Amino acid sequence: MSRAASDATGKLSAELGGYELLVAGPGSVSSIPLPTEGELSIGRAEDADLRLPGNGISRRHALLRVRASDFTLQDLGSSNGTIVRGERVPARHEVSVTPGESLLVGDFVLVVRPRRSLGTTRHIWSHEYFEARVAEQCERCRDSGSPFHVLSISVGPQAPDDPARIVAMELPASHLLGSFSRGLFGVLLLDATESSAAALAARIERALREAGCTASAQVLAYPRDGTSASVLMGRLVGASDGDAAASSGSFILRSPVMVALHRQTDRVARSELSVLILGETGVGKDVLARSIHDRSERRDKPFLRLNCAALSENLLESELFGHEKGAFTGATHTKPGLLLAAAGGTVFLDEIGELPPRLQPKLLQVLETREILSVGSVKPRSIDVRFIAATNRDLEAEAVTGAFRSDLYYRLAAFTALVPPLRERREDILPLAQEFLRRARDKQRSQGTPGIRDEAAARLLDYAWPGNVRELRNVIERAVILSEGAPIGPEHLPLEKMRSVLLVAPRKPLPESDVGLDFLTPKERAERERILDALSASAGNQSKTAEKLGISRSTLLNRLDAYRLGRPRKRPG
């Protein structure tokens with residue numbers, strides 16, 4: 001038991017109730033019996049009932065109040081806040097606390113739970129607490145060099161009323177059970193070999209199937225599948241969800257352009273080339289990235305995704321390269337970083353165009369030397385990863401202007417793949433819509449297989465889909481809710497918005513006898529004519545033409561070359 005827990009136990013030993021406070025922090029886990037009624041002060045001060053060390057803890061941080069089996073938590077105006085149910089508690093406010101919920105105070109996770117001495121049934125822990133325990137186990141095993149295992153358990157939509165009870169019945173008392181949704185569970189195995197973990201996974205899978213539901217249980221191992229809690233938890237969720245977990249849509253191969261793209265990337269996938277995926281927001285660049293990984297020799301190794309636009313510059317550097325303990329304020333332990341954790345696998349850098357200029361030379365050095373230098377370290381470490389990057393920006397143009405490092409661009413773009421917008425592959429619209437319909441109905445456990453009525457299908461095909469595949473998915477999920485099990489009709493679609501962005505028919509098809517254009521299909525000729533119309537309306541301005549067509553400038557230039565149109569100059573006036 002930690003010193004903080006010992007001190008608190010001494011102060012609260014009188015009139016103990018039926019609950020205790022579990023305290024999980026860097027390198028330690030302890031429990032404190034709670035009284036039937038009273039208060040527990042939490043903070044860094046010497047006189048705090050529960051004294052917690054760390055820079056993220058204020059001297060007088062929070063106050064836990066106990067009234068029989070009712071619990072509340074008040075933030076005392078702490079600098080870094082107190083998190084309950086994923087939200088920061090306003091200063092001086094008091095919120096209710098339910099036993100089993102995770103309370104985040106600095107680097108510590110606090111959980112009110114029934115005391116074990118009362119013979120309670122196995123507790124099922126929240127995602128936050130479970131991840132905190134996985135992080136603690138990573139630290140412990142990093143020091144000892146020994147492995148540990150985590151089970152990922154996925155239960156199908158037709159699960160019994162209480163699949164958690166079935167899972168819990170198969171677990172030894174020493175293992176930790178966490179629940180992340182009704183059909184997704186994780187088990188932290190604190191004392192198990194690879195073979196015993198596999199045997200337990202098979203036993204749980206068999207018990208769930210005997211109860212009448214589809215189930216899958218997989219074993220993840222430290223350090224084989226990850227060396228940090230964030231990586232292991234990401235793989236735990238991904239193992240249960242398959243490709244759908246990492247995708248905004250299916251990789252549908254109906255349109256000729258997508259079939260050609262798949263064939264092209266199939267050859268590239270088997271190589272070690274870095275790949276740059278271009279395309280508008282929502283077209284499915286992440287889907288193509290995952291597909292390339294799954295068709296590569298690295299498919300059995302980690303596929304780790306990082307959105308370069310979602311993190312601040314300092315956090316992004318730490319996530320990519322890792323940091324050493326004490327490298328900066330709040331760095332209470334060593335973190336390996338994404339590039340090291342993905343050993344042997346693929347790192348997908350989404351929104352690479354948002355990578356801060358200060359980090360671009362550091363990433364370039366990694367690409368050239370295959371070595372990383374974590375924040376606060378002086379010794380580089382070798383890595384073995386493949387890079388796939390994606391952006392909706394015209395990186396080639398930005399490399400020319402200096403807005404993005406040209407040498408980094410050419411390193412990332414050893415092979416460039418362009419995912420066309422949905423409006424340019426209309427053959428994919430209805431197959432994608434049917435796939436999203438199936439997923440949405442499975443999620444809601446709807447009976448029957450009603451589809452999409454012809455009138456609604458026509459509206460879907462006429463719409464230009466500026467938000468691409470992601471927008472189509474959202475429209476279908478909304479329609480499934482509104483239709484209440486009936487086939488989807490026009491009345492279930494957002495028609496006002498869809499009427500405002502319709503596909504524009506070409507001015508006229510080019511005559512079949514056009515000299516020198518026999519190599520183009522009728523569809524390509526129609527697109528060539530649309531480009532001519534847009535160029536004329538934009539007075540030859542390439543940027544405005546690309547904007548009118550809804551494509552990037554680099555895509556327009558490629559089409560000009562492919563359709564033998566030349567590159568016009570902007571006309572004055």
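Numbers for residues simply follow the sequence, beginning at 1. None of these values were measured; they are calculated from a predicted model.
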query: Between Glu87 and Arg85, does at least one N-O distance fall below 4.0 Å, as a salt bridge requires?
result: no

task: Could you grab the distance from atom OG1 of Thr391 to atom OH of Tyr409, nearest 0.5 Å is fine?
output: 10.5 Å

task: Evaluate the ring planes of Phe348 and Phe303, with Trp represented by its six-membered ring, and classify them as parallel (under 30°), tilted (30 to 60°) or perpendicular (over 60°).
output: parallel

Glu368 atom CD, neighbour heavy-atom count above 12 within 6.0 Å: yes

query: Is there a donor-acceptor pair closer than 3.5 Å between any side-chain N or O of Asn468 and the backbone N or O of Thr281?
result: yes

- line: Taking every heavy atom of Ile551 against every heavy atom of Glu424, the minimum-distance pair comes out as CG2-OE2, 3.3 Å

task: Could you grab the distance from atom OG1 of Thr369 to atom CD1 of Ile383, nearest 0.5 Å is fine?
output: 7.5 Å

- prompt: Is any side-chain heavy atom of Leu408 less than 4.5 Å from a side-chain heavy atom of Leu367?
  reply: yes

field: Pair Arg439 + Glu477: basic N to acidic O under 4.0 Å
entry: no

task: Indicate yes or no for a side-chain donor-acceptor contact from Arg381 to the backbone of Glu371 under 3.5 Å, with no hydrogens or angles considered.
output: no

- request: Carefully, step by step, assess Val419 and Leu261 under the rule side chain to side chain contact (heavy atoms under 4.5 Å, CB included).
  value: CA-CA 8 Å; Val419 183; Leu261 179 62; 4.2 Å; yes

- request: Enter the distance from Leu349:CG to Cys308:SG here, rounded to the nearest 0.5 Å.
  value: 5.0 Å

- prompt: Going through the checks in order, is the side chain to side chain contact (heavy atoms under 4.5 Å, CB included) test met by Val150 and Tyr222?
  reply: CA-CA 8 Å; Val150 179; Tyr222 171 97; over 6 Å; no

- prompt: Do other residues, nucleotides or ligands put more than 12 heavy atoms under 6.0 Å from Glu354 CD?
  reply: yes

- line: Tightest non-hydrogen contact, residues Ser274 and Arg411, listed as CB-O, 3.6 Å

message: Please report the interatomic distance OG(Ser296) to CZ(Arg270), rounded to the nearest 0.5 Å.
response: 11.0 Å

task: Check the pair Met498 / Leu460 against side chain to side chain contact (heavy atoms under 4.5 Å, CB included), numbers first and verdict last.
output: CA-CA 8 Å; Met498 296 175 72; Leu460 296 177; 4.1 Å; yes

- line: For Ile429 and Leu472, the nearest pair of non-hydrogen atoms, with its separation, is O-CD2, 3.6 Å

Derivation of the side chain to side chain contact (heavy atoms under 4.5 Å, CB included) call for Thr346 and Leu304: CA-CA 6 Å; Thr346 301; Leu304 300 180; over 6 Å; no

Residues Tyr463 and Glu471: side-chain donor-acceptor under 3.5 angstrom: yes

- request: Step through the shown structure and confirm whether more than 12 heavy atoms of other residues, nucleotides or ligands are within 6.0 Å of CZ on Arg263.
  value: no

Side chain to side chain, Asp428 and Arg426, heavy atoms closer than 4.5 Å: no

Note, Pro357 side chain near Arg405 side chain (heavy atom, < 4.5 Å): no

Any donor-acceptor N or O pair under 3.5 Å, side chains Thr265, Arg295: yes

message: Using modelled atom types and a 3.5 Å cut-off, is there a donor and acceptor pairing between side-chain atoms of Asn307 and backbone atoms of Ala309?
response: yes

Salt-bridge contact Glu547-Lys544 (side-chain N to carboxylate O under 4.0 Å): no

task: Output yes when a side-chain donor or acceptor of Asn392 lies under 3.5 Å from a complementary backbone atom of Gly279, and no otherwise.
output: no

message: With a 3.5 Å distance limit and no angle check, can you tell me whether Arg438 reaches the backbone of Ala433 through a side-chain donor-acceptor pair?
response: no

Smallest separation among heavy atoms of Arg425 and Pro420, with atom names: NE-O, 3.1 Å

message: I'd like to check Val366 versus Phe387 (side-chain heavy atoms, cut-off strictly below 4.5 Å). Are they in contact?
response: yes

message: Would the distance check show the side chain of Arg88 and the main-chain N or O of Thr82 forming a donor-acceptor pair, the cut-off being under 3.5 Å?
response: no

- prompt: Of the non-hydrogen atoms in Arg386 and Glu272, which two are nearest, and what is the gap between them?
  reply: NE-C, 4.1 Å

- request: Apply the side-chain contact (heavy atoms from CB on, under 4.5 Å) test between Ile277 and each candidate in Val287, Leu288, Val283; give the one that qualifies.
  value: Leu288

- request: Inspect the contact between Asp384 and Lys301 and indicate whether a charged nitrogen and a carboxylate oxygen are less than 4.0 angstrom apart.
  value: no

field: Test item: Leu437 and Ile488 side chains (from C-beta on) under 4.5 Å apart, heavy atoms
entry: yes

field: For His262 against Ser291, the heavy-atom pair lying closest together
entry: CE1-OG, 4.3 Å

message: So, taking the atom named CZ in Arg459 and the one named CG in Leu493, what distance separates them when rounded to the nearest 0.5 Å?
response: 8.0 Å

- request: Check step by step if side-chain hydrogen bond (donor to acceptor under 3.5 Å, both in side chains) holds for Ser271 and Arg267.
  value: CA-CA 7 Å; Ser271 74; Arg267 294 190 293 271; over 6 Å; no

field: The single option from Ile292, Ile352, Asp286, Leu276 passing side-chain contact (heavy atoms from CB on, under 4.5 Å) against Ile388
entry: Ile292

message: Return the OH to CG distance between Tyr410 and Leu395, rounded to the nearest 0.5 Å.
response: 11.0 Å

message: What I want to find out is whether Lys285 reaches Glu351 closely enough, with some N-O distance under 4.0 Å, to be called a salt bridge.
response: no

- request: Please examine the side chains of Leu556 and Thr545, heavy atoms only from C-beta on, and report whether any two atoms are closer than 4.5 Å.
  value: yes

